[in-house]
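Reviewing the structure listed below.
The first residue of the sequence shown is numbered 1, and numbering continues consecutively from there. Remember, it's a predicted structure, so these values are computed and weren't measured experimentally.
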Amino acid sequence: MDVSEVEFLAEKELVTVIPNFSLDKVFLIGGDLGPFNPGLPVEVPLWLAINLKQRQKCRIVPPEWMDVEKLEAIRDNERREDTFTPMPSPYYMELTKLLLNHASDNIPKADEIRTLVKDTWDTRIAKLRLSADSFVKEQEAHAKLDNLTLMEINTIGSFFTESLNHMYKLRTSLQPPEDEQSQDY
């Protein structure tokens, strides 16, 4: 899966907007949205929130986890634990990137949030690299990847696949074929 495909999936996540226009309920294939009334919060997919924001039709409310104190706690917890901890959203990295790129004026302490999410990402990727290194060195046949996001799996996925293929080839080339018969008469 490509990074842009993961980002596309993230754009389906619901976020809250406060519109500055009126519109009855909109009926889309993915579900009904609205009604939109000025000043009243409504949940919409991220793609629509960004589109409305670019047209100056709304203000985007950041997700509740996109708060400096909560992100500091998440980062510190991730650094403390040896295993991967659950993230506040399966698309935390993509949501942060998109919201900060398109609506940073709606997000308090945007620069601090960007830094905290990047720190958390770096910590998780470092853990992932250590896990991958251990995986290859110990010649494991499977890996348990709990609490990883799709973007993190996408980052290391091809490496794991190639490693498994190479290890399989090495193992099969070292084992004598089972159907060979002894030539001792």
Side chains of [X] and [Y], heavy atoms from C-beta outward: is any pair under 4.5 Å?
X    : Y    : answer
L98  : E13  : no
I125 : T155 : yes
W65  : L95  : yes
L33  : L48  : yes
S22  : P35  : no

With no hydrogens and no angle check, just 3.5 Å: does a side-chain donor-acceptor pair link [X] and [Y]?
X    : Y    : value
E138 : S134 : yes
T123 : E78  : no
K57  : N51  : no

Test side chain to side chain contact (heavy atoms under 4.5 Å, CB included) applied to E112 and V68, D67, L71, the passing residue
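Running side chain to side chain contact (heavy atoms under 4.5 Å, CB included) over V68, D67, L71 with E112 returns exactly one hit, V68.
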Say whether [X] and [Y] are linked into one hydrophobic cluster, either directly or through other cluster members, by side-chain heavy-atom distances under 4.5 angstrom.
X    : Y    : value
L100 : V6   : yes
I156 : L150 : yes
L99  : V61  : no
W121 : L130 : no
L28  : V15  : yes

List the steps, then state whether side chain to side chain donor-acceptor pair (under 3.5 Å) holds for T149 with E152.
CA-CA 5 Å; T149 64; E152 293 162 346; 3.3 Å; yes
Stepwise, does the salt bridge (Lys or Arg N to Asp or Glu O under 4.0 Å) test hold for R114 with D119?
CA-CA 9 Å; R114 186 184 315 270; D119 288 349; over 6 Å; no
From [X] atom [atom1] to [Y] atom [atom2], the distance as rounded to the nearest 0.5 Å:
X    : Y    : atom1 : atom2 : value
K109 : L116 : NZ    : CG    : 10.5 Å
E72  : I113 : CD    : CD1   : 10.5 Å
T83  : N147 : OG1   : CG    : 7.0 Å
L9   : M151 : CG    : CE    : 9.5 Å

Taking only residues at least two apart or on different chains, which pairs with a member in residues 1-10 satisfy side-chain hydrogen bond (donor to acceptor under 3.5 Å, both in side chains)?
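Every side-chain hydrogen bond (donor to acceptor under 3.5 Å, both in side chains) pair that includes a residue of residues 1-10, provided the two are not neighbours, is D2-S4, E7-K97.
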[X], [atom1] atom: more than 12 neighbouring heavy atoms under 6.0 Å:
X    : atom1 : result
D82  : CG    : no
R129 : CZ    : no
D24  : CG    : no

Could you check whether D122 pairs with K127 (Lys NZ or Arg NE/NH1/NH2 to Asp/Glu carboxylate O, under 4.0 Å)?
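Here D122 does not pair with K127 in a salt bridge, since their nearest N and O are not under 4.0 Å apart.
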Over all heavy atoms of both residues, which pair between [X] and [Y] is shortest? Give the atoms and the distance, please.
X    : Y    : result
A103 : I60  : CB-CD1, 3.8 Å
R124 : L148 : NH2-CA, 3.7 Å
L14  : P45  : CD2-N, 3.6 Å
C58  : P19  : CB-CA, 3.9 Å

Quick one: do N106 and K53 satisfy side-chain contact (heavy atoms from CB on, under 4.5 Å)? Show the steps, please.
CA-CA 10 Å; N106 294 158; K53 174 69 178 163; 3.2 Å; yes
Using modelled atom types only, decide if a donor and an acceptor are shared between the side chain of [X] and the backbone of [Y] within a distance under 3.5 Å.
X    : Y    : result
N154 : M1   : yes
N20  : Q56  : yes
T115 : D111 : yes

Taking only residues two or more places apart in sequence, or in another chain, which ones meet Y92 in a ring-ring contact (aromatic ring centres under 6.0 Å, His included)?
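Expected list: none.
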Can you list everything that forms a ring-ring contact (aromatic ring centres under 6.0 Å, His included) with F21? Sequence neighbours excluded, please.
F36
From CA spacing to verdict: side-chain contact (heavy atoms from CB on, under 4.5 Å), V17, R59
CA-CA 6 Å; V17 298; R59 182 170 61 83; over 6 Å; no
